[in-house]
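What follows is one structure encoded as structure tokens, with my remarks underneath.
Heavy-atom basis, side chains included; hydrogens, waters and symmetry copies ignored.
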Amino acid sequence: MKIVNKGVRKKDALALVTGKPVYTDDIAPNCLTVKLLRSPHAHAMIEDISTEKAKKVPGIECVLTYEDVPKTRFTTAGQTYPEFSPYDRSILDKHIRCVGDPVAIVAGWDEKSVDKAIGLLKVKYNVLEPILDFRKAKDNKIIVHPEEDFKALVDVGTDKDRNICASEVFEFGNVEEELKKCSQIIDETYHTKANHQTAMETFRTYTYMDAYGRLNILSSTQVPFHIRRIMANALDIPKSKIRVIKPRIGGGFGSKQSSVSEMFPAVVTWITGKPAKIVFSRKESLTNGSPRHESEIRIRLGADDDGMIKAIHMDTLWNAGAYGDHGPTTVGLAGHKAMTIYNSAAAYKFNYDVLYTNTMGGGAYRGYGATQGFFALESAINELAARLNMDPTELRMKNMLTQSQVGNKMPTYYNEELKSCTLDKCLLRAKEMIGWDEKYPCKDMGNHKVRSVGVAVCMQGSGISNVDVGAVEIRLNDDGFYTLMIGATDMGTGCDTILSQIAAECLECELDNIAVNGVDTDVSPYDTGSYASSTTYITGMAVIKACEALKNKILHEGARLLNLNSDDVEFNGKEVFSLKENKSISLKDIGNNSLVGFNNYLTASASNYSPTSPPPFMAGIVEIELDKLTGKVDIIDYAAVVDCGTPINPNLARVQTEGGLVQGIGMTLFEDIIYDENGRMINDSFMQYKIPSRIDAGNIRVEFESSYEPTGPFGAKSIGEVVINTPAPAIANAIYNATGLNFRELPITAEKIALKMLERNNI
């Protein structure tokens, strides 16, 4: 291969590093500034809003309350229709369900006037008792969603009167019977707190009406086509009245798989006819964004004395927060991904309750539930190894998916067939990279410091099987260059470059000969969006299909121009040439003659979905240094080895891995959403909400052990999400090896370690 599997530079690299105006706020012209008055209460009913004084402020265009906007219910989750998430939200609502819920929308021609007007709004609340602890939410007397117009399009076990957003039980085999046979049983509960994606670019949207009376939405979103549907539902207008355009995105990590900001300027523009823009502050993004769901996962893990796993039960509880955005769909990955890694057990059970509370609504975050599940199950695996006095890498090699199981069915993974896997090679290579045999379990460094290692393995998926759709159109232009139209959204991952590489490889041309365009729902082919690790795998195959169709058209057009039979010519990427005569025509001439001279426009489109979601795999081993006096943990080295099939662009795959590892390190050691007794998030800035810097991440090394996935483009699988799943259990394991203490709640802060060590030592 000439282009695929090569570390070429991103197509937009120079524009981004030189500060070109490519993001939403850069390209929005002078327009109304939109801001929100947000509730200070976690649970309340609005009794009265006085807006007269605010409306009189010079420069104010409109002040909107729940009485002024459509009353329709909708979900903000960017998911394929019909959405699994209940329709439990309105643009503005009389019923306040969490601190920061929007109370009023103010739009004016300058920020100072808008701020002044917001300060003049007077709201009378009937403050209600909130339910803040998701463990107490089920069947609580406090009901988060008592409204009668609440509706769910899909039966996911919703019972709003019991605060249940979703509920389900999956079982394969008989877990209880198998556990009775097990001589070794781990029965522990693991708790992960909510944490934020913290993209550099906060949520932001610009809206305007065009000459045809259509609402145009320019927004930093991962899901343009879903935004079109969500806004049609929210505004109660036809989708034909809405156009969504996606500029460059300054990071998403799942947060922009929801409609967080779009509805507010959209309703202002729809009502006033004036262009409008909202830019969330960092505080708003932290307090009313779309964070990872808090979870509590009880693991019952049964094995024999030789370490062979016989049964796994994951009993899970999840905090949906005030709204069900992504709640019913996130949780499934915790079990169906985590348990599948140990595919040889006799019985599995996975059940969940997703519960409404009066805290910030959860959403999609890289890993999408699998991250929480792997922290729990991989930690339990490490605890089993410690009980058996067995090397945890050896325990995994006995039980996990390996190359030898290719061809086997995976009952907990929707009974899919495993078609590619080098997880055993990944683990062995990671051990070699870190020097596991020499460093396990720990080494005393003197001066109260100890170095130790910890391990975890994981998998993810490649798109959502039988759901995700990717489509592309590719055109031959005059002068012989191509335009690739895609509906997938590049949020910094480099998918524009990766899909162009696939096209260039198929068409046997230089990468610069492929011009790629961003998403515009009016002109781009339909794509479900960039989430669920779907773009390379799903849309990449659509690129291959479209390119093959276009090559066939080029071949026939070249033969026509040469007055030859198409069976007698060949195309080599640069020209169509005769196999029998000394005749040829260049691609440039085909483009110019066909498009300009003969009006024969050469274009091809294709869509793709997959009935399967082949899992990528990863092994992660960390070396830490722990100070026994302070509890401080420093990451010394992280060895990560990934099986993502064929890496289309190894440079971008490496960056994806490094970024995911840093986010996982942050989730494990630092990040924590903390509420006070009234439901207000108290660490609402980067001064209090700690995310890891490059220094905190230590030395990160990434290698690939490629398999070949027969259903993927050039053998590729996904890489976007799998890379965040190993840090939490691996670091927790290293901390255990350093201290002899198990930590089953994230984040594992220095204070928690120090206090637990003092408690153990009776100090």
Side-chain angles (χ1 to χ4, degrees), residues 8-29 31 78 197-208 216-228 243-262 265-266 275-282 285 289-290 364 366 470 472 483-501 503 511-512 514-525 527-531 534-536 539 648-649 651-653 655-656 659-660 663 720:
V8 302
R9 188 172 67 186
K10 288 176 63 176
K11 277 187 162 288
D12 58 353
L14 285 178
L16 298 181
V17 300
T18 56
K20 300 295 183 184
V22 295
Y23 298 102
T24 300
D25 197 31
D26 297 329
I27 54 184
C31 59
Q197 300 89 346
T198 62
M200 290 180 69
E201 181 193 34
T202 61
F203 303 100
R204 52 197 63 196
T205 302
Y206 163 64
T207 56
Y208 64 95
N216 285 242
I217 301 173
L218 188 77
S219 192
S220 179
T221 176
Q222 298 173 222
V223 286
F225 287 94
H226 293 329
I227 291 296
R228 183 175 63 181
R243 175 189 185 189
V244 180
I245 303 168
K246 179 211 73 75
R248 269 350 216 182
I249 301 178
F253 312 112
S255 66
K256 295 170 184 174
Q257 194 192 336
S258 297
S259 178
V260 177
S261 61
E262 287 84 4
K277 176 182 71 175
I278 193 168
V279 175
F280 273 38
S281 66
R282 180 60 62 183
S285 293
S290 183
R366 191 180 205 166
V472 302
T483 301
L484 179 63
M485 307 293 294
I486 64 174
T489 55
D490 193 328
M491 52 179 163
T493 55
C495 78
D496 286 1
T497 304
I498 287 169
L499 296 176
S500 297
Q501 285 181 260
L511 186 63
D512 288 342
I514 306 290
V516 63
N517 280 289
V519 185
D520 179 335
T521 57
D522 269 10
V523 296
S524 299
D527 194 290
T528 44
S530 294
Y531 60 88
S534 61
T535 305
T536 297
T539 310
I648 301 297
N649 187 318
N651 285 357
L652 295 180
V655 170
Q656 283 283 294
Q663 285 182 307

Checking side-chain hydrogen bond (donor to acceptor under 3.5 Å, both in side chains) for the pair Asn649/Thr497: CA distance, chi angles, key distance, verdict?
CA-CA 9 Å; Asn649 187 318; Thr497 304; over 6 Å; no

For Arg282, does the CZ atom have more than 12 heavy-atom neighbours from other residues, nucleotides or ligands under 6.0 Å away?
yes

Between the CG atom in Asn216 and the OH atom in Tyr208, the distance rounded to the nearest 0.5 Å is 4.0 Å

Under the 3.5 angstrom rule, does the side chain of Thr535 hit a backbone N or O of Ser530 as a donor-acceptor pair?
no

Kindly say whether Thr528 contributes a backbone atom to a donor-acceptor pair with the side chain of His226 at under 3.5 angstrom?
yes

Before giving the answer on side-chain hydrogen bond (donor to acceptor under 3.5 Å, both in side chains), spell out for Arg366 and Gln663 the whole-Å C-alpha distance, their side-chain angles and the decisive distance to 0.1 Å.
CA-CA 9 Å; Arg366 191 180 205 166; Gln663 285 182 307; 2.7 Å; yes

What closest approach, in Å, do Gly252 and Ile249 show between heavy atoms, and which atom pair accounts for it?
N-CG2, 4.5 Å

Judged by atom type as modelled, is there a donor-acceptor pair below 3.5 Å linking the side chain of Gln222 to the main-chain atoms of Met491?
no

Can you give me the closest heavy-atom contact between Ser255 and Ser290, atom names plus distance?
O-CB, 3.8 Å

If we only count heavy atoms from C-beta on, is the Arg243 to Ile217 side-chain gap below 4.5 Å?
no

Any heavy-atom pair between the side chains of Thr221 and Glu262 that's under 4.5 Å?
yes

Find out whether Leu511 and Gln501 are in side-chain contact, i.e. whether some heavy atom of one side chain is under 4.5 Å from a heavy atom of the other.
yes

Has the side chain of Gln257 got a donor or acceptor atom that lies under 3.5 Å from a matching backbone atom of Ala364?
no

Output for pair (Tyr206 OH, Asp25 CG), nearest 0.5 Å, gives 11.5 Å

What's the shortest heavy-atom distance between Thr205 and Ser261, and which atoms?
OG1-OG, 2.8 Å

Is the backbone of Thr493 close enough, under 3.5 Å, to the side chain of Asp490 for a donor and an acceptor to pair up by distance?
yes

Is any side-chain N of the basic residue among Lys256 and Glu201 closer than 4.0 Å to the acidic one's carboxylate O?
yes

Check against side chain to side chain contact (heavy atoms under 4.5 Å, CB included), Thr207 and Leu218:
CA-CA 6 Å; Thr207 56; Leu218 188 77; over 6 Å; no

For residues Ser220 and Tyr23, determine if any side-chain heavy atom of one lies less than 4.5 Å from a side-chain heavy atom of the other.
no

Determine, stepwise, if the pair Ile486 / Asp527 fulfils side chain to side chain contact (heavy atoms under 4.5 Å, CB included).
CA-CA 8 Å; Ile486 64 174; Asp527 194 290; over 6 Å; no

Would a distance-only check, ignoring hydrogens and angles, find a side-chain to backbone donor-acceptor pair under 3.5 Å from Lys246 to Gly487?
no

Considering all heavy atoms of both residues, which atom of Ser219 and which atom of Thr24 are nearest to each other, and what is their separation?
C-OG1, 3.8 Å

To the nearest 0.5 Å, tell me how far Asp512 CG sits from Ile514 CD1.
10.0 Å

For Pro265 versus Ile278, what's the shortest heavy-atom pair and its separation?
CD-CG2, 3.6 Å

Indicate the ring-plane relationship of Phe280 and Phe203, choosing parallel, tilted or perpendicular according to the 30° and 60° boundaries.
perpendicular

Flag side-chain contact, heavy atom, 4.5 Å: Thr539 against Cys495
no

Do Leu484 and Leu499 have side-chain heavy atoms sitting under 4.5 Å apart?
yes

Would you mind reporting whether Thr536 and Ile648 have side-chain heavy atoms less than 4.5 Å apart?
yes

Salt bridge between Asp496 and Lys11, side-chain N to carboxylate O under 4.0 Å?
no

Can you find a pair of side-chain heavy atoms, one from Asn517 and one from Ser524, that are under 4.5 Å apart?
no

Looking at Thr489 and Val223, would you say the former's side chain and the latter's main chain have a donor-acceptor pair under 3.5 Å?
no

For a quick test of reading the model, state the closest non-hydrogen atom pair linking Cys31 to Lys277 and the distance between them.
SG-CB, 3.4 Å

